Amino acid sequence: MSATPPVPPKAKQQATKQTTKQQRAAERQRQLEEFKRREARSKRNRRILVWAGAVGGLVAVGLLVTAIVLAPKGTNADAAADGGGGASGAIEGVQTFSYQGGAHVEGPIDYTETPPAGGEHNQVWLNCGVYSQPVPNENAVHSLEHGAVWVTVDPALPADELGKLTAELPTTYVVLSPYEGLPSPIVLSAWNAQLQVEDASDPRIAQFVEQYWQSQNAPEPGAPCSGGLDAPGKLS
């Protein structure tokens with residue numbers, strides 16, 4: 001058998017150079033493909049961000065529309081016509097007062113009405129919500145100044161009555177709390193307005209909320225009803 005002829009040194013160098021050149025070309029091609037992949041990912045991410053921003057905007061608009069649709073009746077612009085939250089005309093049994101914007105004071109205040117419906121108050125408002133214990137008058141009046149409705153109930157009010165009452169109330173800008181010594185089982189108060197009712201089935205409850213919830217007659221309607229004081233017994 002004949003021996004394989006030896007490869008000349010020059011041929012070996014050419015083969016080595018060719019291999020190195022091919023390796024470099026392959027590496028450049030790999031880097032180019034990796035760059036293209038990174039660019040493609042970057043473009044996809046930018047498109048995702050753009051679509052996410054667009055969808056987020058649509059969601060925000062949808063939430064705003066939903067809030068407007070689901071808001072209690074009479075909380076829109078036509079409230080300005082009657083100075084209240086919506087319904088026009090006097091509600092039978094509503095007492096009205098003439099408090100202007102109340103000054104901020106420290107310590108307990110001796111109010112004329114039970115519960116109070118305006119006047120001087122603590123500088124910290126009461127966070128709106130449902131309370132299982134009596135809340136401070138001075139902080140609750142500040143919430144009235146922001147357009148909230150304060151619904152006070154006799155601590156002995158039956159649970160079914162409390163359930164009916166809660167169903168009539170908005171979920172925001174309302175304080176619901178027990179109150180000792182009320183003149184009736186249920187008293188609804190807004191800034192400069194108050195209604196006493198005997199039971200939760202009274203149709204005037206909804207009328208009162210419709211007219212005085214976020215009333216433009218309040219000194220600061222729309223001012224916060226959160227971020228203030230959580231009194232003891234806050235349930236929601």
Side-chain angles (χ1 to χ4, degrees), residues 64 67 71-72 74-77 79-80 82-86 91 94-155 157 162 165-166 168-184 186-196 205 208-236:
L64 178 60
T75 60
N76 50 25
D82 53 48
I91 301 172
V94 169
Q95 297 176 284
T96 58
F97 314 97
S98 57
Y99 294 109
Q100 303 302 314
H104 294 169
V105 298
E106 297 293 331
I109 300 172
D110 185 16
Y111 288 102
T112 303
E113 293 80 39
T114 302
E120 296 179 339
H121 49 267
N122 191 278
Q123 64 180 347
V124 180
W125 59 88
L126 179 72
N127 289 334
C128 290
V130 178
Y131 291 84
S132 63
Q133 300 179 33
V135 299
N137 286 335
E138 295 77 14
N139 303 100
V141 171
H142 195 154
S143 297
L144 297 185
E145 186 180 46
H146 291 185
V149 170
W150 184 14
V151 183
T152 48
V153 299
D154 188 299
L157 189 74
L162 191 59
L165 178 62
T166 304
E168 294 286 349
L169 303 178
T171 57
T172 61
Y173 282 89
V174 169
V175 174
L176 175 62
S177 67
Y179 199 104
E180 296 284 352
L182 288 177
S184 65
I186 301 169
V187 179
L188 293 90
S189 303
W191 189 272
N192 279 340
Q194 193 167 86
L195 174 67
Q196 302 174 14
I205 294 174
F208 185 93
V209 171
E210 184 176 356
Q211 184 159 333
Y212 293 103
W213 184 84
Q214 281 288 273
S215 169
Q216 295 303 305
N217 287 336
E220 300 175 11
C225 206
S226 60
L229 171 71
D230 270 348
K234 191 171 190 293
L235 300 178
S236 63

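Start at 1 with the first residue, then count along the sequence. Small disclaimer: the values here were computed from a predicted structure and weren't measured.
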Residues 127-134, side-chain donor-acceptor partners within the protein, below 3.5 Å, at least two apart:
{"from": "N127", "atom 1": "OD1", "to": "G227", "atom 2": "N", "distance (Å)": "3.0"}
{"from": "N127", "atom 1": "OD1", "to": "G228", "atom 2": "N", "distance (Å)": "2.5"}
{"from": "N127", "atom 1": "ND2", "to": "D230", "atom 2": "OD1", "distance (Å)": "2.9"}
{"from": "Y131", "atom 1": "OH", "to": "N127", "atom 2": "O", "distance (Å)": "2.7"}
{"from": "S132", "atom 1": "OG", "to": "G233", "atom 2": "O", "distance (Å)": "3.2"}

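Residues W150 and V187 fail the side-chain proximity criterion, which asks for heavy atoms closer than 4.5 Å. V94 has its side chain within reach of Y212: a pair of non-hydrogen atoms, C-beta onward, lies under 4.5 Å apart. Under the 4.5 Å side-chain criterion, counting only non-hydrogen atoms from C-beta, Q95 is not in contact with E113. Counting only heavy atoms from C-beta outward, the side chains of Y111 and H121 approach each other to under 4.5 Å. Side-chain contact between L165 and I186: present, with at least one pair of heavy atoms (C-beta onward) separated by less than 4.5 Å. The closest side-chain heavy-atom distance from N137 to Y179 is below 4.5 Å.
Under the ring pair (Phe, Tyr, Trp, His ring centres under 6.0 Å) criterion, W125 pairs with H142, H146, sequence neighbours left out. With sequence neighbours excluded, no residue forms a ring pair (Phe, Tyr, Trp, His ring centres under 6.0 Å) with Y99. Checked against side chain to side chain donor-acceptor pair (under 3.5 Å), Q194 has the following partners two or more places apart in sequence or in another chain: S189. In this structure Y173 satisfies the ring pair (Phe, Tyr, Trp, His ring centres under 6.0 Å) test with no other residue, sequence neighbours excluded. By the side chain to side chain contact (heavy atoms under 4.5 Å, CB included) test, Q100 is found to be paired with no residue, residues two or more places apart in sequence or in another chain being considered.
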Could you walk me through whether V151 and V175 satisfy the side chain to side chain contact (heavy atoms under 4.5 Å, CB included) test, starting with their C-alpha distance in whole Å, then the side-chain angles of each, then the deciding distance to 0.1 Å, before giving a yes or no?
CA-CA 6 Å; V151 183; V175 174; over 6 Å; no
Chi angles and distances behind the side chain to side chain contact (heavy atoms under 4.5 Å, CB included) call for T166, L176:
CA-CA 8 Å; T166 304; L176 175 62; 3.8 Å; yes
